[in-house]
Asks: 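Handing you a structure now.
Throughout, numbering of the chain's residues begins at 1 and tracks the sequence. Values below: all heavy atoms of this structure, side chains included; hydrogens, waters and symmetry mates excluded.
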Amino acid sequence: LHPGLHLTSPPLDTGQPGAPRARVLFLCTGNSARSQMAEALASVRSGGLVEAQSAGSHPKPLHPNAVRVMRDEHGIDLAGRDSKHLSVFAAERFDGVITLCDRVREICPAFPGQPETAHWSMPDPAAGHADADKSYPAFQEAAAELETRIGFLLAGLVHRAEPTPTPSKEQS
């Protein structure tokens, strides 16, 4: 969990219109489950203070169990989202890039602005399961782990965005 806490970001929403948001890119091989779930959780749980995106090195269609677990257990609708290749974001600047699988970490390109990077090695919930019902528990575990990690990530981003207290005259 700790690497995600080291993301350097611009200040989060201070209540002023036009305040910059942290931009985070989640990557995995297929962009069919883990990275899509992470993107949705970061966007929704931050209340829009984080602009999250996701992509994959070898995009596949969104897995039905990713849609199901996010809808049924996290109240987030992934239906209709498209999988994207990581090249779509090659010229964009991010505050953080988080790889979610070992294969994409090995080939992750450099992004402009040298964003902070983190690696959250997570197993593919669809791997080794031909039957959708048998793989569902793996999707539940992946979503729960992402929920926890995203919570720590957001707490770290919010903490960095808080103004540093100015010492009072008695303290100086």
Side-chain angles (χ1 to χ4, degrees), residues 1-9 22-46 50-74 76 78-79 81-157 160:
L1 296 179
H2 298 290
L5 296 175
H6 293 114
L7 289 174
T8 304
S9 65
R23 295 193 76 224
V24 180
L25 177 63
F26 295 96
L27 300 173
C28 68
T29 305
N31 192 222
S32 62
R34 294 166 289 190
S35 55
Q36 293 270 7
M37 291 188 294
E39 172 189 356
L41 285 165
S43 294
V44 171
R45 299 297 186 244
S46 74
V50 170
E51 180 185 334
Q53 300 288 340
S54 68
S57 58
H58 296 85
K60 297 188 265 185
L62 189 59
H63 196 286
N65 277 343
V67 174
R68 182 177 154 204
V69 76
M70 293 303 291
R71 179 192 63 229
D72 295 351
E73 300 188 27
H74 297 273
I76 300 172
L78 297 184
R81 291 182 181 228
D82 292 323
S83 296
K84 301 165 289 298
H85 190 272
L86 57 87
S87 64
V88 169
F89 299 106
E92 293 193 33
R93 289 182 176 269
F94 291 93
D95 300 298
V97 175
I98 300 174
T99 53
L100 300 172
C101 70
D102 298 334
R103 288 183 10 199
V104 82
R105 179 185 189 193
E106 293 173 5
I107 57 109
C108 185
F111 287 88
Q114 299 178 330
E116 290 282 335
T117 59
H119 180 58
W120 298 348
S121 184
M122 296 181 61
D124 181 355
H129 300 283
D131 180 89
D133 286 335
K134 289 183 180 175
S135 73
Y136 190 71
F139 281 84
Q140 289 174 304
E141 289 173 23
E145 183 174 344
L146 284 167
E147 179 91 56
T148 299
R149 288 177 183 256
I150 300 270
F152 282 112
L153 171 69
L154 296 176
L157 291 172
R160 273 194 267 323

Asks: Decide yes or no for Lys60 and Thr29: does some side-chain heavy atom of the first lie under 4.5 Å from some side-chain heavy atom of the second?
Replies: no
Asks: Taking all non-hydrogen atoms of both residues into account, name the closest pair between Ala33 and Ala66 and its distance.
Replies: CA-CB, 4.0 Å
Asks: Strictly by modelled atom types, are His85 and Asn31 linked by a side-chain donor-acceptor pair under 3.5 Å?
Replies: no
Asks: Got Arg45 and Glu147 here, is their nearest side-chain heavy-atom distance under 4.5 Å?
Replies: yes
Asks: What are the two closest non-hydrogen atoms of Phe89 and Gln53, and how far apart are they?
Replies: CZ-OE1, 3.5 Å
Asks: Would you indicate whether the side-chain heavy atoms of Pro125 and Glu141 approach each other to under 4.5 Å?
Replies: no
Asks: How many angstroms lie between CG in Leu27 and CD in Glu39, if you round to the nearest 0.5 Å?
Replies: 11.0 Å
Asks: Of the options Thr117, Val97, Leu86, which is the one that meets Cys108 in a side chain to side chain contact (heavy atoms under 4.5 Å, CB included)?
Replies: Val97
Asks: Looking only at non-hydrogen atoms, find the nearest pair between Ser46 and Ala42 and report the distance.
Replies: OG-O, 2.9 Å
Asks: Answer whether the closest heavy-atom distance between the side chains of Met37 and His74 falls below 4.5 Å.
Replies: no
Asks: Provide the closest heavy-atom pair for Ala55 versus Leu25 in the form atom of the first, atom of the second, distance.
Replies: N-CD1, 4.3 Å
Asks: At their closest point, which heavy atom of Tyr136 faces which heavy atom of Val69, and how far apart are they?
Replies: OH-CA, 3.4 Å
Asks: Working to the nearest 0.5 Å, report the span between CG of Asp124 and OG of Ser32.
Replies: 6.0 Å
Asks: Could you state the interatomic distance from CG (Leu100) to CZ (Arg105), rounded to the nearest 0.5 Å?
Replies: 12.0 Å
Asks: Does any part of the side chain of Leu153, heavy atoms only, come nearer than 4.5 Å to the side chain of Val50, both counted from C-beta?
Replies: no
Asks: Would you kindly check if the NZ (Lys) or CZ (Arg) of Arg68 is within the cone defined by 45 degrees around the ring axis of Phe139 and under 6.0 Å from the six-membered ring centre?
Replies: no
Asks: Any heavy-atom pair between the side chains of Cys101 and Arg34 that's under 4.5 Å?
Replies: yes
Asks: Side chains of Ser54 and Lys84, heavy atoms from C-beta outward: is any pair under 4.5 Å?
Replies: yes
Asks: Roughly how far, to the nearest 0.5 Å, is the CD atom of Glu73 from the CD atom of Gln140?
Replies: 4.0 Å
Asks: Provide the closest heavy-atom pair for Pro61 versus Ser83 in the form atom of the first, atom of the second, distance.
Replies: C-OG, 4.0 Å
Asks: Would the distance check show the side chain of Asp95 and the main-chain N or O of Val24 forming a donor-acceptor pair, the cut-off being under 3.5 Å?
Replies: no
Asks: Look at the rings of Phe26 and Trp120 and say which category their plane angle falls in: under 30° parallel, 30 to 60° tilted, over 60° perpendicular.
Replies: tilted
Asks: Could you measure the distance from the CZ atom of Arg103 to the NE2 atom of His58? Nearest 0.5 Å is fine.
Replies: 7.5 Å
Asks: Any side-chain heavy-atom pair from Met70 and Gln36 closer than 4.5 angstrom?
Replies: no
